[in-house]
Structure formats: structure tokens, C-alpha cells
Participant: 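For reference, the structure I am asking about is given below.
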Amino acid sequence: MFVQNLQGNIKYSYDYDHDVLYIYFGEPKVSYDDEAAPGVFIRFSEEDDVITGVVIMDYKKRDVDAVTKHIPIHINFHSINEQL
């Protein structure tokens, strides 16, 4: 089961079955992943290396403040958590 929502230009979906949070910035682009920390992936556009998203495995088991240290863009995780 997925939950999907939008915060301004940030879209996100959450996979309850696998505890994975997917965050998308802007329009979809062909992207590649870079693992910033174990289970935390930053997605970059293949075209221009702009950040296109973030994928966080085992999301509900993580300390959100610790995760934000590995993500080079501000994401309001507290707002996301209120909706999950």
C-alpha cells in the first residue's frame, strides 16, 4: 500500500509494506542513485546532476534528524510523518 502527497514542488510516496519513503523533486527525469548513507539514496539527473529525489529504506525505523545530515536539501520530514 502506498501513500502519496505533494508539498509544494516535492512529491512523495510511502510504501507501507516495505517501509520505503520515495521523495521526488520537480518533473520526472532519468536519474541515477548515490548512496549517501546505508539505505539513504540521493537521486541525480543524468542530464545535469541536479537532485531529483531521495529514497530512504527502513524509513520508520530511522531517526529523522540523523537522516537529514546526509541529505543536501531541506525536506520537512515532520510534515511527512504527520501524514503517514
Participant: If we ignore angles and hydrogens, is there a donor and acceptor under 3.5 Å between the side chains of Y14 and D19?
Facilitator: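 Yes, because at least one side-chain N or O of Y14 sits under 3.5 Å from a partner of the opposite role on D19.
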Participant: Distance check, rounded to the nearest 0.5 Å: K11 atom NZ versus E27 atom CD?
Facilitator: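 Spacing of NZ (K11) from CD (E27) equals 5.5 Å.
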Participant: Against I56, only a single residue in I75, I71, V20 fulfils side chain to side chain contact (heavy atoms under 4.5 Å, CB included); can you say which?
Facilitator: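 The single option meeting the side chain to side chain contact (heavy atoms under 4.5 Å, CB included) with I56 is I71.
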Participant: Do I80 and I10 come close enough that some side-chain heavy atom pair is under 4.5 Å?
Facilitator: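 No; the side chains remain at least 4.5 Å from each other.
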Participant: So, does R62 use its side chain to make a donor-acceptor pair with the main chain of M57 at under 3.5 Å?
Facilitator: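 Flag set: sc R62 to bb M57 pair under 3.5 Å.
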Participant: Would you confirm whether D15, through its side chain, and H18, through its main-chain N or O, come within 3.5 Å as a donor-acceptor pair?
Facilitator: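 Yes: the side chain of D15 pairs with the backbone of H18.
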Participant: How many angstroms lie between atom NZ of K29 and atom CD of E46, to the nearest 0.5 angstrom?
Facilitator: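 CD of E46 is found 11.5 Å from NZ of K29.
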Participant: How about S31 and T52: does a side-chain donor come under 3.5 Å of a side-chain acceptor?
Facilitator: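 The criterion, which ignores hydrogens and geometry beyond distance, is satisfied for T52 and S31.
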Participant: Is there a side-chain contact between R43 and I51 in this structure, where contact means two heavy atoms from C-beta onward sitting under 4.5 Å apart?
Facilitator: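 Result no, sub-4.5 Å side-chain heavy-atom pair not found.
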Participant: Start with the C-alpha distance between L21 and Y12, add both sets of side-chain angles, then the distance that settles side chain to side chain contact (heavy atoms under 4.5 Å, CB included), and finish with yes or no.
Facilitator: CA-CA 7 Å; L21 179 65; Y12 64 89; 4.2 Å; yes
Participant: Would you indicate whether K60, at its atom NZ, is surrounded by more than 12 heavy atoms from other residues, nucleotides or ligands within a distance under 6.0 Å?
Facilitator: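 Above 12, so yes.
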Participant: Is any side-chain heavy atom of P72 closer than 4.5 Å to a side-chain heavy atom of I42?
Facilitator: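 The answer is yes; the side chains approach within 4.5 Å.
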Participant: Does any donor atom in the side chain of H78 or N81 lie under 3.5 Å from an acceptor atom in the other side chain?
Facilitator: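 Looking only at side-chain atoms, N81 and H78 do not form any donor-acceptor pair under 3.5 Å.
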Participant: Which value, rounded to the nearest 0.5 Å, describes the distance between I23 atom CD1 and S13 atom OG?
Facilitator: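 Interatomic distance, I23 CD1 to S13 OG, rounded to 0.5 Å: 9.0 Å.
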Participant: Is there a path from F41 to V50 through hydrophobic residues (I, L, V, M, F, W, Y) whose side chains come within less than 4.5 Å of each other?
Facilitator: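 Unlinked, F41 and V50 end up in two clusters.
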Participant: V64 and F77: which non-hydrogen atoms are nearest, and at how many Å?
Facilitator: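 Scanning both residues completely, I find the closest heavy atoms to be CG1-CB, 3.1 Å.
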Participant: Establish, from distance only, whether the side-chain atoms of D65 and T68 form a donor-acceptor pair under 3.5 Å.
Facilitator: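 On atom types as modelled, these side chains do not qualify, holding no pair under 3.5 Å.
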Participant: Kindly indicate whether the side chain of Y59, heavy atoms from C-beta on, has any atom under 4.5 Å from the side chain of Y22.
Facilitator: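 Side chain of Y59 against side chain of Y22, heavy atoms only: no contact under 4.5 Å found.
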